[in-house]
Amino acid sequence: MLKPPISRLGGKSKLRKTIIEMIPEHICYVELFFGAGWVYFGKEASKVEVINDIDRELINLFKMIKYHAPEIERMLEYEFSGRDMFEEYKNYNIEYLTEINRAVRFLYLITQSFGSKGDHYGYGTNTKPKPQIFYKNVLSDLKERLRNTYVENLSFENIIDKYDREYTFFFADPPYLGTTGYEHEFGEKEHLLLRDKLSNLKGNFLLTINDHEITREWYKDFNIKEVEVSYSVSKEQKARKKYGELIITNY
Ligand SMILES: C[S@@+](CC[C@H](N)C(=O)[O-])C[C@H]1O[C@@H](n2cnc3c(N)ncnc32)[C@H](O)[C@@H]1O
């Protein structure tokens, strides 16, 4: 199983095996909220694949890995983790950067920050900096995986309209209800639009969402599987917290 090059708030590293086992037969695989893409990078390739996220810098990174992985690796080869470099990357005006420079900047900021949020330089007293992006050939495998994939950068409802067929399978991992921290707002209005769109699909869907009275009510007409996931609260603490999640399907 491949590992994504970045972490992302709400990434599906812990649940991906369960999700992959539940994917039904399909021809076209669509990931509506790609993030770091744990499920996509973990599963076997489908005949047709589409990855989508509304975040422009995130999608630019995967597009650039697809077309220019060796150049990104070459540029990162001489980099190392440092607060000054972090601040420099953070303060660049991205409008003046090439797409490749933007991808390098995004990769650097996400991997070298606290909680992969890209805003504060991440350091630790009992963990090393994340060096994997500075090694060669890490991105090349991902590039192979991305070769036959359509890469989209739209809001989820437009992707559903474009790709929905009887043989399409949608994996939806939206921001959790009540979560903040992404650049684009995803509140009750967006969740209800997603519910309505998924309810009227020709194809199949699998949705992951936090276990909450409201989310159960929204999806009461579908199959609901409860799962528990434990996440570490912080790197310094060994403490782990358990969260209830729901895996909802229309098949
Ligand atoms: C929970 S994360 C997905 C995590 C991913 N499954 C993983 O394994 O890393 C949710 C993603 O939805 C994206 N997003 C937010 N609003 C969106 C929208 N309206 N349409 C598409 N993507 C959106 C965010 O940028 C974020 O990357």
Side-chain angles (χ1 to χ4, degrees), residues 1-23 29-43 46 49-63 65 102-103 106-107 109-111 113 115-119 130 132 142 145-146 149-164 169-198 201 205-212 215 227 229-231 243-249:
M1 279 191 175
L2 291 173
K3 258 179 90 176
I6 55 168
S7 314
R8 186 84 168 156
L9 187 64
K12 280 291 157 292
S13 56
K14 300 277 174 355
L15 264 189
R16 75 165 163 175
K17 207 168 154 266
T18 311
I19 293 170
I20 290 168
E21 281 167 9
M22 289 178 71
I23 297 178
Y29 172 89
V30 182
E31 205 158 314
L32 293 171
F33 305 89
F34 190 61
W38 279 95
V39 171
Y40 165 85
F41 284 118
K43 72 179 195 64
S46 309
E49 294 182 308
V50 183
I51 59 175
N52 175 66
D53 199 287
I54 203 166
D55 189 318
R56 189 174 85 123
E57 291 311 295
L58 179 108
I59 286 301
N60 178 63
L61 169 67
F62 287 104
K63 237 162 81 183
I65 291 176
R102 273 171 45 210
F106 185 78
L107 199 50
L109 290 179
I110 293 296
T111 57
S113 58
S116 307
K117 289 189 177 162
D119 43 9
K130 287 198 194 121
Q132 68 274 24
L142 304 184
R145 185 69 186 77
L146 285 159
T149 300
Y150 296 105
V151 181
E152 296 272 19
N153 182 207
L154 295 170
S155 192
F156 67 88
E157 64 278 18
N158 301 311
I159 297 295
I160 293 178
D161 291 345
K162 287 184 197 309
Y163 290 97
D164 186 25
F169 168 70
F170 293 92
F171 169 47
D173 180 26
Y176 286 157
L177 182 66
T179 309
T180 51
Y182 299 105
E183 236 176 86
H184 299 269
E185 171 72 15
F186 207 95
E188 191 162 327
K189 188 173 133 235
E190 288 76 16
H191 271 290
L192 286 173
L193 176 62
L194 176 64
R195 194 269 319 261
D196 294 344
K197 283 280 182 191
L198 293 178
L201 284 183
F205 77 82
L206 182 153
L207 166 83
T208 47
I209 199 158
N210 40 339
D211 190 353
H212 194 285
T215 51
V227 281
V229 188
S230 66
Y231 288 106
Y243 291 94
E245 296 206 16
L246 302 177
I247 298 183
I248 300 168
T249 58

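When a ligand or atom number is given, it counts from 1 through the structure's own listing order. Note: hydrogens, waters and symmetry copies are ignored here, and every other heavy atom, side chains too, is used.
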Distance in Å, D164 CG paired with L201 CG, rounded so as to fall on 0.5 Å steps | 4.5 Å

Ignoring hydrogens and geometry, is there a side-chain-to-backbone donor-acceptor pair from Y40 to R145 under 3.5 Å?
-> yes

Would you tell me which option among F171, F34, F41, F156 has the nearest heavy-atom contact to atom 20 (N) of ligand 1?
-> F156

Flag the pair R8 and D173 as a salt bridge only when some basic side-chain nitrogen lies within less than 4.0 angstrom of an acidic carboxylate oxygen.
-> no

Correct closest heavy-atom pair for F170 and I160 would be CE2-CA, 4.0 Å

Can you check whether D173 has an N/O within less than 3.5 Å of an N/O in ligand 1?
-> yes

Establish, for the pair K197 and F156, whether the NZ or CZ atom is under 6.0 angstrom from the six-membered ring centre and no further than 45 degrees off its axis.
-> no

Any nitrogen or oxygen of P174, main chain or side chain, under 3.5 Å from a nitrogen or oxygen of ligand 1?
-> no

Polar contact flag for D53 and ligand 1 (N/O pairs, less than 3.5 Å) = yes

Specify side chain, backbone, both or neither for L58, according to which of its non-hydrogen atoms lie closer than 4.0 Å to ligand 1.
-> neither

Side chain, backbone, both or neither: which part of F186 comes within less than 4.0 Å of ligand 1 when only heavy atoms are counted?
-> side chain

Main-chain N/O of L177 paired with N210 side-chain donor or acceptor, under 3.5 Å = yes

Between R8, K12, R16, flag the one that comes closest to atom 8 (O) of ligand 1 by a heavy atom.
-> K12

Honestly, for V39 the part within reach of ligand 1 (heavy atoms, under 4.0 Å) is neither

Just go through N52, L193, I54 and tell me whose heavy atom is the nearest to atom 17 (C) of ligand 1.
-> I54

